[in-house]
Structures are given as C-alpha cells and as structure tokens.
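Quantities reported herein were computed from a predicted structural model and do not represent experimental measurements.
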Amino acid sequence: MGAGGRMSVPPSQRKQESGSMKRVPISKPPFTLSEIKKAIPPHCFQRSLIRSFSYLVYDFILVSIFYYVATTYFHNLPQPLSFVAWPIYWTLQGSVLTGVWVIAHECGHHAFSDYQWIDDTVGLILHSSLLVPYFSWKYSHRRHHSNTGSLERDEVFVPKKRSSIRWWAKYLNNPPGRFVTVTIQLTLGWPLYLAFNVAGRPYEGLACHYNPYGPIYNDRERLQIYISDVGVLAVTYGLYRLVLAKGLAWVICVYGVPLLIVNAFLVMITYLQHTHPALPHYDSSEWDWLRGALATVDRDYGILNKVFHNITDTHVAHHLFSTMPHYHAMEATKAIKPILGEYYSFDGTPVYKAIFREAKECIYVEPDEGEQSSKGVFWFRNKI
C-alpha cells in the first residue's frame, strides 16, 4: 500500500476494488512472526521507565498549560473572543489527553515499563481520570489482539454479515444518513461500547465492561473489574464535588468537552485502523493469528501522529508486537516494511475523508461469489 489511499498488490493476486484501492493478499504469508521480529533492531523491544514517564510528563505539562490559560484568562475575554478561545482550548486539550489515553493503553499492554505493577498502577490512574475502566478494557482489548480479523471471536468493530443488516440500513445509506451515523458513532460510540458492548462481539446476556460477572470476564479477572469500577466511581465523585464547588458549566467547559473529543478521537482511530474496503475478515475455517494481525491499516493524521504517540501510523507493528513501546514503533515499522511487502497496509487518505468513505463502502461483509477457494474470507460491501 502506498500513500494517498492506494493499496497495491500484484494484479495477478487480487482484483482491483473501489477505484484505486486494491485488496491485500489473503494467502498465508511467506514469512513467520519470528522472521519479522529478527528484522527489528533488538533495542526496539526494550522498555525504559524513565523515557516512558518523560512522554507522560510532557503531556501533563501541556495539559496544565492549557488548563491554566483557560481558567485564568478566558473569563476576561470579550464574548466574541471567548467563543473562539474555548473551542481552541477544547481541541488542544482533547488532542493531548488522547495522547494520555494512548499511554494508558500502553500500560494495559505492559509496554510502559518492565514492571507490571507500575504499568497497572499508572494505567489505572490515567484511564480512570478519563472515565475508562482500566482492567475491564485491558482484558477485552487483549482478546481483540488475540483474535483480530476473526468474525467469530474478535472483540470490537466486528462487521456484520449481509444477513444481519437491519431493515433501516438502506435509509441511512446516503450522505445525510452517513453523517448522522458517523456523528452518533463519534459522540456516543465509546460509552455505548463500554456499557452495552455496541459494535462488539456478540455474547449471551448483557456484555458490560462495568459488570464483573458479565460474560466478557472469567473468574480470575472479576476482582480487578471491581477495582476498575472503583477507579471510575472515585473520579466521578471528584467531578461531582467540582460541580458543587465550581458549577456544572465550568466542569463541562474545562473537562467535559475535552473528554468528548478524546472519545471521538478514540473511536475514529480504532475504527479506521480496522475498517477499510481492501482489508479482509476471516471465519474460523480461514483465520489464523498472523493474517488477522496483518488485516489492519496504518493511517496518517499529520501532526497528530506525534500528539497521539504514533498509535495512528504504526498500528500494524503494534498488532504484531503489542508490548513494544510507542517510541520505538516508527523505527520498527520501517524495519518490517521490506519483510511484509504487500502484506503491509497504509492509507494516506486524509482521515476526515476516509471516515466518510469507509462509512459508505464498509456496510457489511460477505465472501466473493464463485470463489470456492476463499469462502471463509469476507470482504466489505455496500450494495443493500
């Protein structure tokens, strides 16, 4: 795949789809995970506690500066300027806090330090401060990494088969309908997933990230789900006290709106990492871990790549080696590209265009007609 939204494989292997985009290979790769790992410099797998904390401190400094400027000076601005200043603050603060979210995500993968207790402590504090149940999501996300691309066992953004499409989908398959769908997805998608497993793997009963006895978790994990709930409740209580002290409007402006932006970025990033017309999904007859891990795509968010600690443009490497620290992921990605060849996926389409394109092109999945050799391989379709 090259920049500008072009995915390329030899024409003899895959037919061209969706204009200039071509499907990635679905045959078993001619390399192994160990061969990929050997191509990466060994130091890329080394975690540094000091270096990891340095990125977190840098993010906290920016968060503190934005908070100080907003709470110290904005109330003195005349109304026309304040109407401009607050959206700027929300965008900047939400973007940097997304980077904090990514560091907490690294803690869940044991990529922050060599000490699991430090990773879990830091991750619990950071994710709880963003109203995320740390251990709950850590365990469900780990299962996503273990089952990426599997129609039966993947945890999130599991595409529907054509037979499962609801009757109202055809009424949303137009520009206004897609705008409404994407808006709901970006604003409500994350809390709906945590609370009701919307867009997640089907489970018997209510699959809720706050329920220690829900079907997502096993008996060994239930105590830590309680701890996650306590963390979220503690931050919620702190916000309640802030509302009493500062007022609801103050809390919404300083914390609430940036949190909405964090949630929107999180959904956009993960959706675009796993949703693309050129990426396959597999049923149990075809799926294996390596092909599933390679059924992801790196994206280009411009300057936000650095703000988000490169979770956006190194996601393929992250799925192959999830304990690798983010500050080595760019070097690792460059090292594995020659090994992966056509199996490496990158799309440089601007993300504001890509999310609406994917909402249009990726409605459901089904196998190719007449291709008996790949009946277990499913591709996105949009014709309802």
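Checked by atom type and distance alone, the side chain of R178 never pairs as donor or acceptor with a backbone atom of A359 at under 3.5 Å. When atom types are taken as modelled, the side chain of S95 and the backbone of T91 share a donor-acceptor pair closer than 3.5 angstrom. Without hydrogens or angle criteria, N197 side chain to L194 main chain gives no donor-acceptor distance under 3.5 Å. Between the side chain of N305 and the main chain of G302, a donor-acceptor pair closer than 3.5 Å is present. Under a 3.5 Å cut-off, the side chain of T275 and the backbone N or O of L272 do not form any donor-acceptor pair. Judged purely by atom type and a 3.5 angstrom limit, S228 uses its side chain to pair as donor or acceptor with the backbone of F135. With T270 contributing its side chain and V267 its backbone, the two residues share a donor-acceptor pair below 3.5 Å. Here the side chain of E35 pairs a donor or acceptor atom with the backbone of T32 at under 3.5 angstrom. Of the possible polar contacts, one joining the D298 side chain to the V316 backbone as a donor-acceptor pair under 3.5 Å is found. Between the side chain of Y364 and the backbone N or O of K383 there is at least one donor-acceptor pair closer than 3.5 Å.
Within the cation-pi definition used here (under 6.0 Å to the ring centroid, within 45° of the axis), R153 qualifies as a partner of W287. Within the cation-pi definition used here (under 6.0 Å to the ring centroid, within 45° of the axis), K337 does not qualify as a partner of Y343. Taking the ring axis of Y282 as reference, the NZ or CZ atom of R291 stays within 45° of it and closer than 6.0 Å to the ring centre.
If you chain together hydrophobic residues whose side chains sit under 4.5 Å apart, L126 and V230 never meet in one group. M268 and V180 end up in different hydrophobic clusters when Ile, Leu, Val, Met, Phe, Trp and Tyr side chains are linked at under 4.5 Å. Linking ILVMFWY side-chain heavy atoms closer than 4.5 Å, directly or via other members, places F53 and M324 in two distinct hydrophobic clusters. Following chains of ILVMFWY side-chain contacts shorter than 4.5 Å, one cannot reach I125 starting from V232, and the two form parts of different hydrophobic clusters. Residues L304 and Y58 share a hydrophobic cluster, clusters being chains of Ile/Leu/Val/Met/Phe/Trp/Tyr side chains in contact below 4.5 Å.
The aromatic ring centroids of Y193 and H209 lie less than 6.0 Å from each other. Note: H105 and H318 meet the aromatic proximity criterion, with ring centroids under 6.0 Å apart. The aromatic ring centres of H326 and Y55 sit less than 6.0 Å apart. Under the 6.0 Å cut-off for aromatic ring centres, Y89 and W86 qualify, their centroids lying closer than that. Aromatic pair F308/F265: ring centres closer than 6.0 Å. For Y271 and F157, the gap between ring centers is short of 6.0 Å.
Here the straight-line distance linking atom CD1 of I225 with atom CG of N211 works out to 9.5 Å at 0.5 Å rounding. Between the CG atom of N263 and the CG atom of L188 there is a distance of 10.0 Å, given to the nearest 0.5 Å. For the atom pair OH of Y327 and SG of C44, the computed distance is 11.0 Å after rounding to the nearest 0.5 Å. Of the inter-residue distances, the one linking Y240 atom OH with L248 atom CG reads 12.5 Å to the nearest 0.5 angstrom. Between the CZ atom of R381 and the CD1 atom of I363 there is a distance of 12.0 Å, given to the nearest 0.5 Å. Remark: E152 CD to D283 CG distance equals 5.5 Å, nearest 0.5 Å.
K138 and D119 are not joined by a salt bridge, as no carboxylate oxygen comes within less than 4.0 angstrom of a charged side-chain nitrogen. Note on D347 versus R357: salt bridge recorded, some NZ/NE/NH1/NH2 to OD/OE distance being below 4.0 Å.
Partner F66 forms a side chain to side chain contact (heavy atoms under 4.5 Å, CB included) with one of V69, V63, L62 and no other, that one being L62. Tested against Y255, the residues L260, L242, L239, L97 include a single side chain to side chain contact (heavy atoms under 4.5 Å, CB included) partner, L239.
Counting all heavy atoms, side chain and backbone alike, P258 lies closest to W90 at CD-CD1, 3.8 Å. Here the closest heavy-atom approach between residue S82 and residue P87 is recorded as O-CD, 4.2 Å. Contact detail for L279 and A295: the closest heavy-atom pair is CD1-O, 3.6 Å.
Around the OH atom of Y203, the shell of radius 6.0 Å holds more than 12 heavy atoms that belong to other residues, nucleotides or ligands. The environment of I50 atom CD1 is sparse: at most 12 non-hydrogen atoms of other residues, nucleotides or ligands sit within 6.0 angstrom.
Inspection of the H309 and E106 side chains reveals no N or O donor paired with an N or O acceptor under 3.5 Å. In this structure, a donor-acceptor pair under 3.5 Å is absent between the side chains of S345 and H276.
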Go through the steps for R143 and E155 under the test salt bridge (charged side-chain N to carboxylate O under 4.0 Å, His left out), then give the verdict.
CA-CA 7 Å; R143 294 187 179 97; E155 281 290 330; 5.2 Å; no
Could you go step by step and tell me if H144 and H319 meet the side chain to side chain contact (heavy atoms under 4.5 Å, CB included) rule?
CA-CA 10 Å; H144 159 64; H319 261 274; 3.4 Å; yes
Derivation and outcome, salt bridge (charged side-chain N to carboxylate O under 4.0 Å, His left out), residues R299 and D313:
CA-CA 5 Å; R299 302 275 189 171; D313 55 346; over 6 Å; no
In sequence, state the C-alpha distance, the side-chain angles, and the governing distance for H281 and D154, and then conclude on side chain to side chain donor-acceptor pair (under 3.5 Å).
CA-CA 10 Å; H281 284 74; D154 203 349; 5.4 Å; no
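Put simply, the side chain of V24 reaches to within 4.5 Å of the side chain of P280, judged on heavy atoms.
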